[in-house]
Enquirer: 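Take a look at this one; I'll ask things after.
Every heavy atom of this structure was used, including side-chain atoms; hydrogens, water molecules and symmetry mates were not. Below, chains carry the letters A, B, ... as their sequence lines are ordered, and counting in each starts from 1. Remember, it's a predicted structure, so these values are computed and weren't measured experimentally.
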Protein chains: 2
Amino acid sequence: MTDPISRTKTRAAPRKAVQPPAPPPRPALTTASALYLREDEIRRGIELLYFGYSSMIREVDAILEQEGFGRAHHRALYFIARSPGLAVGDLLRLLAITKQSLGRVLGELQDRGLVQQSIGTQDRRQRLLSLTPAGAALEASLFAELEARMASAYGEAGQAAVTGFWSVLIGLIAKADRPMVDSLGQS
Amino acid sequence: MTDPISRTKTRAAPRKAVQPPAPPPRPALTTASALYLREDEIRRGIELLYFGYSSMIREVDAILEQEGFGRAHHRALYFIARSPGLAVGDLLRLLAITKQSLGRVLGELQDRGLVQQSIGTQDRRQRLLSLTPAGAALEASLFAELEARMASAYGEAGQAAVTGFWSVLIGLIAKADRPMVDSLGQS
DNA sequence: GATATTGGGTCAGTCATGTTGACATATCTT
DNA sequence: AAGATATGTCAACATGACTGACCCAATATC
């Protein structure tokens, strides 16, 4: 029993502590230094995106928990608020989840009287989603939190920074998906 | 049974389709128009952040799935790669999850031979985390995907935009958390 | 007009990742 | 010596994803 790696043992077997690893082999400052600089810039972007998103959503999570909802409910509320009359299929494409997953969330929102459906006018198979007054009120309170954070960040950074912020994010989105995102504004 | 709202019924009761909602009451173009403009800018930021993050992570998810891992494993790998010798407690603070959640993830990574621990030099209670060569290889392949996306977005947007991108994201992070994020670079 | 496709809904089971709460052990601090 | 800290572990549970298999109604196609 020299190297207890397996996790299948019934009673816990502590994982071995090894020798401290050799320090990472930092290259001499030659032609490679530009590449290292670039890697750091990339990593910084990844990290800021991760922590920025987490921070923005944190307070919203707290409100949602009080209401007995989760982020999934919020995303549905958000996009329905953004594009009233959205069809179920369009919402599915935006969220990129399965019909079954969305079905549960949407069902709960309808049963709580926050979301309602109407029958499509051109295509009667469609179900067009909209918020009830209660749904609009909840969405507004959630949006207010996001807005406060975002407006403060915009203000700190300035208008030019906001433009840059947008354009980098657009660049991250696959070209095929960009029309979908762009069309959210004007409905 | 006019309004089958309850979800407690055994057999499905279809939710009612209501009258199409009145069109949203857009205000006349008075003093409020500046506010509406601002709301749209805020919503655009929220959406781009959501879709940008999703898009960036998408291909990484595919690789992880092949390996039988999830995003949680990736986050651990990422931060250990970023700050070799990171203590468990520091990783917990970065991820903002519970010890038990991290324990499972870290255990799996160790059992698969991707992560190893060593005993802290100043404080022998600490367990310092580092990647094995296999772990470093997997992390590198995941990073390569993120890097490709991010570098392309940086390139499309230009250096000035990248600076703006960073500064808005920093603004989103609570001031108390900023030192933690900043310290990732120089370890 | 018959048939195929599409939009939406539902049941059932599974998985990944988070949570509380309670304890155990080794090490550091006072 | 006593208490605080860093880490690990067991157990039970919640959420929100997933796959797969069906169903109905309405539209499109041949």
Enquirer: Could you give all pairs that pass the salt bridge (charged side-chain N to carboxylate O under 4.0 Å, His left out) test and reach residues 157-167 of chain B, with sequence neighbours left out?
Expert: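 Qualifying pairs: none.
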Enquirer: According to salt bridge (Lys or Arg N to Asp or Glu O under 4.0 Å), who are the partners of B:Arg93, at least two apart in sequence or on a separate chain?
Expert: B:Asp90
Enquirer: For the pair made of CD in B:Glu65 and C1' in C:dT17, what is the distance, rounded to whole Å?
Expert: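 My rounded result for the distance is 15 Å.
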Enquirer: What pairs of residues pass the side-chain hydrogen bond (donor to acceptor under 3.5 Å, both in side chains) test when at least one of them lies in residues 133-144 of chain B, not counting sequence neighbours?
Expert: A:Arg43-B:Glu139
Enquirer: What string of B, S and - do you get for nucleotides 24-30 of chain D 5' to 3' if you count protein non-hydrogen atoms under 4.0 Å?
Expert: --BS---
Enquirer: For the helix from C:dG1-D:dC30 to C:dT30-D:dA1, how many degrees between its two end axes (five pairs per end), to the nearest 10°?
Expert: 30°
Enquirer: A:Leu106 CG to C:dG7 C1': how many Å, rounded?
Expert: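 So the CG-C1' distance, A:Leu106 to C:dG7, works out to 14 Å.
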Enquirer: Apply ring pair (Phe, Tyr, Trp, His ring centres under 6.0 Å) to B:Phe51 and list each qualifying residue two or more places apart in sequence or on a separate chain.
Expert: A:Phe79
Enquirer: Quick one: list whatever passes salt bridge (Lys or Arg N to Asp or Glu O under 4.0 Å) with B:Arg125, sequence neighbours left out.
Expert: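 B:Asp123.
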Enquirer: For the side chain of A:Lys99 and the base of C:dG7, is some donor closer than 3.5 Å to an acceptor across the two?
Expert: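 By the distance-only test, no, there is no pair.
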Enquirer: Expressed as a whole number of angstroms, how long is the span from B:Ile119:CD1 to C:dT25:C1'?
Expert: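 Whole-Å distance recorded here is 13 Å.
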Enquirer: Expressed as a whole number of angstroms, how long is the span from B:Asp90:CG to D:dA6:P?
Expert: 9 Å
Enquirer: So if I take every side-chain heavy atom of A:Gln100 and compare against D:dG8, C:dA12, D:dC10, which nucleotide ends up nearest?
Expert: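 Nearest listed nucleotide: C:dA12.
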Enquirer: Quick one: CG on A:Leu102 to CG on A:Leu129, what's the gap to the nearest 0.5 Å?
Expert: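 One gets 8.0 Å once the value is rounded to the nearest 0.5 Å.
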Enquirer: In whole angstrom, what separates B:Asp61's CG from C:dT17's P?
Expert: 10 Å
Enquirer: Quick one: side-chain contact (heavy atoms from CB on, under 4.5 Å) partners of B:Ile170, sequence neighbours excluded?
Expert: A:Arg44, A:Leu48, B:Arg178
Enquirer: Mind checking what makes salt bridge (Lys or Arg N to Asp or Glu O under 4.0 Å) contact with A:Glu145, not counting sequence neighbours?
Expert: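 So A:Glu145 forms no salt bridge (Lys or Arg N to Asp or Glu O under 4.0 Å) with any residue.
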Enquirer: What protein N or O atoms touch nucleotides 14-17 of chain D N or O atoms at under 3.5 angstrom, if any, and at what distances?
Expert:
residue	atom	partner	partner atom	Å
D:dG16	OP1	A:Gly70	N	3.4
D:dG16	OP1	A:Arg71	N	3.4
D:dA17	OP1	A:Arg75	NH2	2.4
D:dA17	N7	A:Arg104	NH2	3.2

Enquirer: Output the rounded distance in Å from CZ (B:Arg93) to P (D:dT5).
Expert: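 Result: 12 Å.
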Enquirer: Partners of A:Thr163 by side-chain contact (heavy atoms from CB on, under 4.5 Å), sequence neighbours excluded?
Expert: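 For A:Thr163, the residues satisfying side-chain contact (heavy atoms from CB on, under 4.5 Å) (neighbours in sequence not counted) are A:Gln159.
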Enquirer: Restricting to ring pair (Phe, Tyr, Trp, His ring centres under 6.0 Å), what partner residues turn up for A:Phe69, sequence neighbours left out?
Expert: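 Applying ring pair (Phe, Tyr, Trp, His ring centres under 6.0 Å) to A:Phe69 gives A:His73.
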Enquirer: Between B:Gln126 (CD) and C:dT29 (P), how many Å, whole number?
Expert: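 Atom-to-atom, B:Gln126 to C:dT29, this comes out as 10 Å.
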Enquirer: Would you mind reading off the distance between A:Gln110 atom CD and C:dG9 atom P, rounded to a whole angstrom?
Expert: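 Rounding to the nearest Å, CD of A:Gln110 and P of C:dG9 are 7 Å apart.
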Enquirer: Considering every strand and a 4.0 Å limit on heavy-atom distances, what is the contact class for A:Gln117: base, sugar-phosphate, or nothing?
Expert: sugar-phosphate
Enquirer: Return the CD to CZ distance between B:Gln100 and B:Arg104, rounded to the nearest 0.5 Å.
Expert: 9.5 Å
